[in-house]
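The structure under discussion appears below in the form of structure tokens.
Small disclaimer: the values here were computed from a predicted structure and weren't measured.
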Amino acid sequence: MSQHSHATATEGSTPVSGAMAEAMAAAGLEPGRSPSPVRLPDAGKLFQHRAMRLRSLACGHRLSSWLAFMAQLSDVQHALAAVPAAAAPETGWLSDLEQLRHRLRGTLPAAAENALEGLPWGDGEALNALAARLLTGEANRGDIGGAPFIVAAFQVAWTRHAGGLEAGAVSASAVAGHCPVCGKAPVAGVIHTGSKIGGLRYLHCGLCHTAWHHVRSACVACGEGNRIDLRLIEAGEDSGNGSNDPARAETCESCNGYLKLFLMEKAPGLDPVADDLASFALDILVGDEGFQRIGGNPFLSQGE
């Protein structure tokens, strides 16, 4: 039987003293480390990598059909991301949606095909209104069928835009709770590996795929650092905290919020959006404990 395991969220550091320690703490830095505040996406590779990750996750998964569909959608996103933008993402996404329809038509299961064709084609105002409801969490039940296609087009437009920026021109504080490029809340945090950013947490945007460094000792929602726990689903009672599952839920008892957290060392090829979709069971279990998710996956819109 699956169960939860609790672990205190800590971040190791080398002791320093006085004003230096205070300055580094305020900036979200650790001794010996100087993280890049912002990491911009590579639009030419991101969706291709996601498609591969989704297909890997689909093998033997209870949501295999859904994950395979998302992989197919990522394939088309990869092709579209290579096409130069004709307009700013706020309006250019409509062109990406048209191209998405053209490439997917006739290749989808009947239900998905009907949802795609059921979108208000030719009515830009209606499509923009639908997108606004989906991206602000105010979707109606009737909006959900076409949501994956709307989100996919928005992701292409905004990821292409973010990938064309200069990282040095994008600023984000070490306690920023929203994407510095598009303003959306993170889909998840990732504890990265590597000589420059190993052990540091970056929050990842689920829309434009920008990542920004956020100090690990503070809740993303309320800033509290003393009541944070990590929860995970264990494979069995004897597995302990050494579970190979990269997914964790970082919960805060001060604000009752939680953020998905993925450990890169557990799955070097992980993709925050794909791995979030595949770890939906963790959301259910943590939600049953009364915690509310901070941010979320744009592909998991829920209608009222």
Side-chain angles (χ1 to χ4, degrees), residues 2-13 15-16 21-31 33 35 37-38 135-138 171-180 182-192 197 199-207 210-234 240-241 243 245-264 266 272-273 275-276 279-298 300-302:
S2 296
Q3 61 182 27
H4 285 102
S5 177
H6 299 255
T8 302
T10 60
E11 190 167 24
S13 62
V16 293
E22 295 180 4
M24 294 189 75
L29 304 179
E30 293 182 272
R33 293 176 178 171
V38 174
L135 295 175
T136 57
E138 299 177 355
S171 61
S173 76
V175 291
H178 290 79
C179 176
C182 70
K184 297 301 180 185
V187 64
V190 175
I191 305 301
H192 286 265
I197 59 173
L200 298 179
R201 175 173 67 177
Y202 278 75
L203 303 185
H204 286 249
C205 178
L207 187 65
T210 296
W212 64 102
H213 173 245
H214 191 291
V215 62
R216 285 175 65 184
S217 60
C219 171
V220 173
C222 71
E224 175 63 52
N226 296 323
R227 304 183 68 189
I228 296 176
D229 283 331
L230 296 181
R231 287 162 164 79
L232 65 151
I233 297 177
E234 295 181 349
N241 290 337
S243 169
D245 190 336
R248 306 286 187 271
E250 183 181 88
T251 61
C252 177
E253 294 187 5
S254 292
C255 67
N256 256 20
Y258 80 93
L259 178 78
K260 275 283 188 67
L261 192 66
F262 296 104
L263 308 184
M264 188 70 76
K266 299 287 186 180
V273 171
D275 282 76
D276 178 57
S279 57
F280 187 59
L282 180 58
D283 292 285
I284 295 175
L285 291 176
V286 177
D288 285 345
E289 292 188 14
F291 292 98
Q292 300 294 317
R293 183 162 177 172
I294 300 167
N297 195 315
L300 295 176
S301 299
Q302 297 182 0

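Taking the six-membered ring where the residue is Trp, the centroids of H192 and H204 are separated by under 6.0 Å.
Y258 and T251 get closest at one heavy-atom pair: CB-CG2, 3.7 Å. In terms of heavy atoms, F291 sits closest to G257 at CD2-O, 3.9 Å. In this structure, Y202 and P37 approach most closely via the heavy-atom pair CE2-O, 4.2 Å. Between V38 and A172 the shortest heavy-atom distance is CG2-CB, 3.9 Å. The two residues S254 and E224 make their nearest non-hydrogen contact at OG-CG, 3.0 Å. The shortest non-hydrogen separation linking L200 to R216 is C-CD, 4.4 Å.
In this structure, SG on C255 lies 10.0 Å from CD on Q292, to the nearest 0.5 angstrom. Taken to the nearest 0.5 Å, the CD1 atom of I228 stands 10.5 Å off from the CG atom of L261. One finds the CG atom of N256 at 10.0 Å from the SG atom of C222 (value rounded to the nearest 0.5 Å). Of the inter-residue distances, the one linking L135 atom CG with K184 atom NZ reads 5.0 Å to the nearest 0.5 angstrom. In this structure, CG on L282 lies 12.0 Å from CG on D275, to the nearest 0.5 angstrom.
Inter-residue side-chain proximity for C252 and I294 is flagged as unmet; no heavy-atom pair is nearer than 4.5 Å. The side-chain heavy atoms of L232 and D245, taken from C-beta on, include no pair separated by under 4.5 Å. By the 4.5 Å heavy-atom criterion applied to side chains, P180 and T210 are counted as neighbours. Residues V190 and M264 have side chains in contact (heavy-atom distance under 4.5 Å, counting atoms from C-beta outward).
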Working for side-chain contact (heavy atoms from CB on, under 4.5 Å), residues L259 and R201: CA-CA 12 Å; L259 178 78; R201 175 173 67 177; 4.1 Å; yes

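With sequence neighbours excluded, the residues forming a salt bridge (charged side-chain N to carboxylate O under 4.0 Å, His left out) with D276 are K260, R293, listed by chain and number.
Exactly one of P186, P298, C182, P272 qualifies for a side-chain contact (heavy atoms from CB on, under 4.5 Å) with C205. That residue is C182.
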